[in-house]
Amino acid sequence: MNIEKYTKILLNEDVVAIPTETVYGLAGSISSEKALHKIFKTKERPYFDPLIVHVSSIEQAKEYVTDWTEITEILAQNFWPGPLTFVLPKNDKVSDTITSGLNTVAIRMPNHIKTLKLIESLGTPVAAPSANPFKKTSPTTTAHVSEYFPDISVMDGGECQIGIESTIIGIDDKKITIYRPGMVTKSQIQTTLMKYNIEIEVCQQESPVAPGHLKHHYMPETPIIAYETNDIKLALTQINSNTEMKKYMSHPYIWNLPDDPTRVAREFYGLLKNIDQREFSSILILYSKNYTEDDKWNGILNRLEKAASFSF
Ligand code: AMP
Ligand code: MG
């Protein structure tokens, strides 16, 4: 593995695109302000949008926060390495550039052997948002990253296995708040804590400091039309009868979401990127009402809602 090469780039205060199980990240050492600024500049990301710190162990995470509760420990033991991010009170080893001046930091241990080895070899966590220009779809392959940022070094870790960004949670004594839904679900969190006899409310509430929650985000160039039905005929008839929508319906790509949320999450951004490069007039995504009953769909439907230009 070429870990040494990428460690050197990070030690040189530059950035590297890294594989994770969720999406590719654009990483810089948390101890380099220069690298942190390059992340924002490269992505054209506004400074009010804080970054997630990626660590290689639970012990390392504890070095950067002032409060690590029993609940945090249980969740870390059960879900790390994995797609679950904690928002925790930070100490002064975490720069304001990372947290947008907030007194909390978002932190997680990603489940990708190469990236864990890179962080270990660097000896310092990395801050890494998704490796795409602000608001664009997240990259799940090295090709996607290179297409966005041809001049950035990319550590090849294959295709991302989860495919959508991590679940982000805030933890306090009385409740857990899901700021961004993902493939670690509310019921998984609750079931895990129940095993330790901890019963705690878990609610979902978009964080005002989380611009992933801007109305439109993760958007491809080709407009997405999201339609809640699995009856293609019905959807086509209804949309075609809407005069404003006609121009988007000359040559639509139709994606009737299959039943397996794990697969849909893994394929979601890749498919949007692929279709974007072909000459379709729109991407019509059909999904079913029953999906909303299974919380494995929450993260996917959240991304779909942000990515869609039109929803029916
Ligand atoms: P990305 O790295 O692009 O997946 O985005 C990171 C996201 O994490 C931000 O857009 C915020 O939504 C969220 N985040 C990071 N730090 C905090 C924090 N201190 N409090 C709440 N949300 C945060
Ligand atoms: Mg992002």
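Read the numbers this way: they start at 1 and go in the same order the structure lists the ligands and their atoms. Only a predicted model underlies this, so the values are computations on that prediction, with no experimental measurement involved.
Interface atoms of ligand 1 facing Arg180, defined by a heavy-atom separation under 4.0 Å, are 1 (P), 4 (O), 5 (O). Taking every non-hydrogen atom of Thr104 and a distance limit under 4.0 Å, the qualifying atoms of ligand 1 come out as 18 (C), 19 (N), 20 (N). Numbered from 1 in the order shown, with element, the atoms of ligand 1 that lie under 4.0 Å from a heavy atom of Pro129 read 2 (O), 3 (O). Ligand-side atoms of ligand 1 in range of Ser130: 2 (O), 3 (O), range being under 4.0 angstrom from any heavy atom.
Among the atoms of Glu165, none of the N or O lies under 3.5 angstrom from an N or O of ligand 1. No N or O atom of Tyr179 sits closer than 3.5 Å to an N or O atom of ligand 1. Considering backbone and side-chain N/O atoms, Lys43 never comes within less than 3.5 Å of an N/O atom of ligand 1.
Taking the six-membered ring for Trp and thresholds of 30 and 60 degrees, Tyr248 and Phe310 have ring planes inclined between 30 and 60 degrees apart.
With a 4.0 Å cut-off on non-hydrogen atoms, Asp49 touches ligand 1 through its side chain and not its backbone. Contacts between Arg45 and ligand 1, counted as non-hydrogen atom pairs separated by less than 4.0 Å, involve the side chain only.
Judged by distance alone, the side chains of Gln277 and Glu221 never bring a donor and an acceptor atom under 3.5 Å apart. A side-chain donor-acceptor contact under 3.5 Å links Arg108 and Thr22.
Cation-pi geometry between Lys306 and Tyr218 is not met at under 6.0 angstrom from the ring centre and within 45 degrees of the axis. Both cation-pi conditions hold for Lys273 and Tyr148: the charged atom is under 6.0 angstrom from the six-membered ring centre and inside a 45 degree cone around its axis.
Open room surrounds NZ on Lys175; 12 or fewer heavy atoms of other groups in view lie less than 6.0 Å from it.
Taking the six-membered ring for Trp and the full ring otherwise, Tyr287 and Trp255 have centroids separated by 6.0 Å or more.
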Walk me through it: do Lys174 and Glu201 pass the test salt bridge (charged side-chain N to carboxylate O under 4.0 Å, His left out)?
CA-CA 7 Å; Lys174 296 198 183 62; Glu201 185 194 346; over 6 Å; no
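The closest approach between any non-hydrogen atom of Thr99 and ligand 1 is not below 4.0 Å. Residue contact annotation: Lys90 has no non-hydrogen atom under 4.0 Å from ligand 1.
Taking 2.8 Å as the criterion, Ser130 counts as a coordinating residue of the Mg ion (ligand 2), since one of its N, O or S atoms falls below it.
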